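Below is one structure, written out as structure tokens; the observations come after it.
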Amino acid sequence: MARKASLSGYLELLPAERLTELHMLDTLRQVFEVHGFSPLETRAVETVETLLQKGEIDQEIYAISRIHEDEGAGREAKLALRFDNTVPFARYVTENAGHLAFPFRRYQIQKVWRGERPQAGRFREFSQADIDIVGDGALPFRCDVEIAIVMARALEALRIGEFSLRVNNRKLSEGFYRSIGLTDTAAVLRIVDKLEKVGPSQVAEELRRTAGASAEQAQRALELAQIRTGDGSFAEKVRALVGDEPSALLQEGLDELSELMSVLNTRVPGRAMADLSIARGLDYYTGTVIETLLHGHEDLGSICSGGRYESLASKGKRVFPGVGLSIGVTRLLSALLSSGELAASRSVPTVVYVTLRTSEDWGAAQDVADQLRSRGISAEVALSAEKFGKQIKYADRRGIPFVWFTDDLGRHEVKDIRSGTQEETDPSSWAPPTEDLTPQIIRKTEDP
RNA sequence: GUGGGUGUAGCUCAGCUGGUAGAGCAUCGCGUUGUGGUCGCGAGGGUCGCGGGUUCAAGCCCCGUCACUCACCCCA
């Protein structure tokens, strides 16, 4: 990949790359549906008001306008492109609450737009694959667990290599920070979130400078954030750190995270890591928070994140709590394509290239192709009767595995371009090996 | 938005203290005249990002501008 894009941040793929992307999307769709998630799509456009409902503008939003908009047109609602799938989904849920059955589980794979400066793995237009479960009034914690399991399985199905879900719980973090006297928990979370990037000493310094922490408070916050275990043992470490009786909030967070880790370790062993530095910025998350690290691509940042939000959507007195995770499809795809880890075996869907002996054979060649097509075998007919060498080369350059010849007596032969073997055959019954029926998505580097 | 780097053939890049534009790969042709890939020979392909300036002369120097890219910020 790594081709120069005409516009930075707006990825356009070559056919072989797009086939790889489609394979990913098909895989995700299949995993989501087999777990009972319904497909959903929302419009590209939201009112600015909806997008900013959290109050804070921490996303670079693309506003849209009409070229011929009247000068004084202040009456129309200001519109903008969505920057994620969660906020539009929340809006959709409240609008259609009367038609939906709760708890409602859906998947949604769509493009989103952000005006941030593009960088490797950061785009201005990209696809996210979301799953969420939303309840009416209440939603069992069990849903947090299930969402994490489904996503872990989806990532496994993508065969992208080793990855870790890094999980934490905001109740745990907030409860702890409050208990040591740090009240601006949002600021603390934001600073602590940078631990991996800037290191403990700088985090401690920032805690003192911007979150009003004493040296001792900063030290204790750091100690919590540095807890990282692959099993449930994080809980003892937290309790040792707290000393006296944990607060109700902290205890709730401990219980939830313990349950999550325990189930994940049974159902998707080795994929989860309790990491108490994970905070997820200033978002709407209220409990479980998750980020995902792709091994070997740590610099990419998280490839799948999300968590529990208690009140993102509400309608009058009704509140719809939810939990969801989102895969950065474009980020993942571009990284694996440019590293060469994922590739398609050919750039076209074509399985068979039907050659032309003379220009007049075109009709007969289409008949052959149609017989193959009627059985689901993708076939393409040559446009002119060039030398066979050239016709074979045409197929070779596109990665088409088979070339078809028909002689002047109507006898058929099919050649496997890779092995060079050619044999007599019949268009009404010939079929390729199943693995050649569609382009194969090759994972070049095997899992360790 | 702030700061650094880079723009030359389809791709990756060379191009000296200014002197009329180069390589490898790719493409196309021929050898092999209707069964590709190897090999050999040959050919085509460039407003040197764009605009202005200095100079007898600018890919190279100066100014501006655009794009790309990296870091910060933020995040999938």
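On a predicted model such as this, the values are computed, not experimentally measured, just so you know. Letters go in sequence order (proteins before strands), and every chain restarts at 1.
Across B/C74, B/C70, B/A76, the shortest atom-to-atom separation from the side chain of A/Lys194 is found for B/C74. The side chain of A/Phe405 approaches B/U35 more closely than any other nucleotide in the set B/C75, B/C68, B/U35. The A/Ser8 side chain lies nearest to B/C68 when the options are B/C73, B/C68, B/G37. Considering only the side chain of A/Arg114, B/A76 comes nearest among B/A76, B/C73, B/U35. Of all nucleotides listed (B/C72, B/G36, B/C74), B/G36 comes nearest to the side chain of A/Lys393. Which of B/G29, B/C75, B/U27 sits closest to the side chain of A/Arg122 comes down to B/C75.
Between A/Phe320 and A/Phe104, the distance from one ring center to the other does not fall under 6.0 angstrom.
Looking at residues 23-40 of chain A, you'll see that no heavy atom sits under 4.0 Å from any atom of RNA chain B. Using a 4.0 Å cut-off on heavy atoms, the residues of residues 123-134 of chain A that approach RNA chain B are A/Phe123, A/Phe126, A/Gln128, listed by number.
Scanning for side-chain contact (heavy atoms from CB on, under 4.5 Å) contacts around A/Thr434 gives an empty result, with sequence neighbours left out. For A/Lys393, the salt bridge (Lys or Arg N to Asp or Glu O under 4.0 Å) criterion is met by no residue, not counting sequence neighbours. Not counting sequence neighbours, A/Arg397 has no partner by the salt bridge (Lys or Arg N to Asp or Glu O under 4.0 Å) test. For A/Asp436, the salt bridge (Lys or Arg N to Asp or Glu O under 4.0 Å) test picks out A/Arg418, with sequence neighbours left out. Scored by the salt bridge (Lys or Arg N to Asp or Glu O under 4.0 Å) test, A/Arg18 finds A/Glu21 as partners (sequence neighbours excluded). With sequence neighbours excluded, no residue forms a side-chain contact (heavy atoms from CB on, under 4.5 Å) with A/Val34.
For residues 327-367 of chain A, every residue pair satisfying the ring pair (Phe, Tyr, Trp, His ring centres under 6.0 Å) rule, not counting sequence neighbours, is listed here: A/Tyr353-A/Tyr394. Pairs of residues two or more places apart, or lying in two chains, that qualify as salt bridge (charged side-chain N to carboxylate O under 4.0 Å, His left out) and include a residue from residues 377-389 of chain A are A/Glu386-A/Lys390.
Position along RNA chain B of the nearest nucleotide to A/Arg117 versus A/Arg397 favours A/Arg117 as the more 5'-ward residue.
Residues A/Ser326 and A/Asp84 bring no donor and acceptor atom of their side chains to less than 3.5 Å of each other. In summary, the side chains of A/Glu256 and A/Thr288 do not present any donor paired with an acceptor at a separation below 3.5 Å, with no hydrogens or angles considered.
Within the 4.0 angstrom heavy-atom criterion, only backbone atoms of the sugar-phosphate kind lie near A/Lys390; the bases stay farther away. At a threshold of 4.0 angstrom between heavy atoms, the contacts of A/Leu356 include nucleobase atoms, whether or not backbone atoms are also involved. Looking at heavy-atom distances under 4.0 Å, A/Gly301 makes no contact with the nucleic acid at all. Counting any heavy atom pair closer than 4.0 Å across all strands shown, A/Leu332 reaches no nucleic acid atom.
B/U8 and B/A14 have their P atoms separated by 10 Å, given to the nearest Å. Nucleotides B/G18 and B/C60, compared at atom P, are 11 Å apart to the nearest Å. Nucleotides B/C28 and B/C72 place their C1' atoms 48 Å apart, quoted to the nearest Å. Separation of the P atoms belonging to B/G3 and B/G10 is 34 Å when rounded to the nearest angstrom. The gap from the C1' atom of B/U17 to that of B/C61 amounts to 12 Å, rounded to the nearest Å. The same atom, C1', is picked in B/U47 and in B/C75; the two are 41 Å apart, to the nearest Å.
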Donor-acceptor list for residues 117-124 of chain A side chains, cut-off 3.5 Å, not counting sequence neighbours:
unit_1	atom_1	unit_2	atom_2	d
A/Arg122	NH2	A/Glu116	OE1	3.2
A/Arg122	NH2	A/Arg117	O	3.4
A/Arg124	NE	A/Glu116	O	2.8
A/Arg124	NH2	A/Gly115	O	3.3

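One donor-acceptor pair, N or O on each side, does fall under 3.5 Å between the base of B/U35 and the side chain of A/Gln422.
In RNA chain B, consecutive stretches of 3 or more Watson-Crick or G-U wobble pairs with both distances under 3.5 Å are given as paired ranges: B:1-7 with B:66-72, B:10-13 with B:22-25, B:27-31 with B:39-43, B:49-53 with B:61-65.
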